[in-house]
Amino acid sequence: YGTMIYAREGKQILDGVFVMAAFLGSRDVPAAIEKAGGLGPWQAGAIKEQEVDKQLWTWLQENFYGSPSRRLPKTYIGYGVDDRFVQSNRLLARELPAAQVFEVPGGHSWAPWRALWAKWLTAEFAQQ
């Protein structure tokens, strides 16, 4: 979450990020996005300064469906199918190329994280 907020702020030092089993904001924003039919048709409405979750998802929406003022770095995402943050992780995963998405069995614990880390390392370094 912090890395995504940092990337949103326009810090141009990130070449990419690996979002693993990430908290991507409170559950109400992903629920609203799902209810709207996905990130493309979702409308955030007026966003208050303290609504960082909405700011993050609006920035992601701009990156995938608009003209962003701050570009999303190359992003990978990985999560366990039973992770407590799976809803928001899958929302982001739908917007990314399949090669940048890793899903493993398990929840929010070390065994899935180790498996995800290994998958990401294999995928990232196989490209070099």
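The model shown is predicted, which means the values in this text are computed figures rather than measured ones.
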Write down the atom of [X], the atom of [Y], and the distance for their closest heavy-atom approach.
{"X": "Pro30", "Y": "Ser88", "result": "CG-CB, 3.6 Å"}
{"X": "Phe102", "Y": "Ala123", "result": "CZ-CB, 3.6 Å"}
{"X": "Asp83", "Y": "Ala21", "result": "OD2-CB, 3.3 Å"}
{"X": "Gly80", "Y": "Val86", "result": "O-CG2, 3.8 Å"}

- Query: What orientation do Trp113 and His108 show, parallel under 30°, tilted 30 to 60°, or perpendicular over 60°?
  - Reply: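 It falls in the perpendicular class, over 60°.
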
- Message: Is there a side-chain hydrogen bond (donor to acceptor under 3.5 Å, both in side chains) between Gln87 and Arg27? Walk through the geometry before answering.
- Response: CA-CA 8 Å; Gln87 179 187 22; Arg27 289 190 169 123; 5.5 Å; no

Let me confirm one number: the [atom1]-[atom2] distance from [X] to [Y], rounded to the nearest 0.5 Å.
{"X": "Trp110", "Y": "Leu116", "atom1": "CH2", "atom2": "CG", "answer": "12.0 Å"}
{"X": "Glu9", "Y": "Met4", "atom1": "CD", "atom2": "CE", "answer": "12.5 Å"}
{"X": "Tyr6", "Y": "Leu14", "atom1": "OH", "atom2": "CG", "answer": "6.0 Å"}
{"X": "Glu62", "Y": "Arg8", "atom1": "CD", "atom2": "CZ", "answer": "9.5 Å"}
{"X": "Gln55", "Y": "Leu60", "atom1": "CD", "atom2": "CG", "answer": "12.0 Å"}

Any donor-acceptor pair under 3.5 Å linking the side chain of [X] with the backbone of [Y]?
{"X": "Asp53", "Y": "Ser26", "answer": "yes"}
{"X": "Glu103", "Y": "Tyr79", "answer": "no"}
{"X": "Glu51", "Y": "Lys48", "answer": "yes"}
{"X": "Asn89", "Y": "Ala22", "answer": "yes"}
{"X": "Thr75", "Y": "Pro73", "answer": "yes"}

- Do NZ/NE/NH1/NH2 and the carboxylate oxygens of Glu95 and Arg90 come within less than 4.0 Å?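 No salt bridge links Glu95 with Arg90.
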
- Message: If you count heavy atoms of other groups shown closer than 6.0 angstrom to CD of Gln50, is the number above 12?
- Response: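 Yes.
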
- Item | Verdict with supporting geometry, Phe18 and Ile77, side-chain contact (heavy atoms from CB on, under 4.5 Å) | CA-CA 6 Å; Phe18 178 32; Ile77 190 164; 5.8 Å; no

Report yes if the side chains of [X] and [Y] come closer than 4.5 Å at any heavy-atom pair, otherwise no.
{"X": "Thr58", "Y": "Ile47", "result": "yes"}
{"X": "Phe64", "Y": "Leu96", "result": "yes"}
{"X": "Trp42", "Y": "Leu91", "result": "no"}
{"X": "Lys74", "Y": "Tyr76", "result": "yes"}
{"X": "Leu92", "Y": "Leu39", "result": "no"}

- I would like to know whether Ile5 and Leu56 meet side-chain contact (heavy atoms from CB on, under 4.5 Å); could you show each step before the answer? CA-CA 7 Å; Ile5 300 298; Leu56 173 63; 4.0 Å; yes

- Message: Assigning hydrophobic clusters by single linkage (Ile, Leu, Val, Met, Phe, Trp, Tyr; side-chain heavy-atom cutoff under 4.5 Å), is Val81 placed with Phe85?
- Response: no

- Stepwise, does the side-chain contact (heavy atoms from CB on, under 4.5 Å) test hold for Gln61 with Trp57? CA-CA 6 Å; Gln61 184 184 52; Trp57 283 100; over 6 Å; no

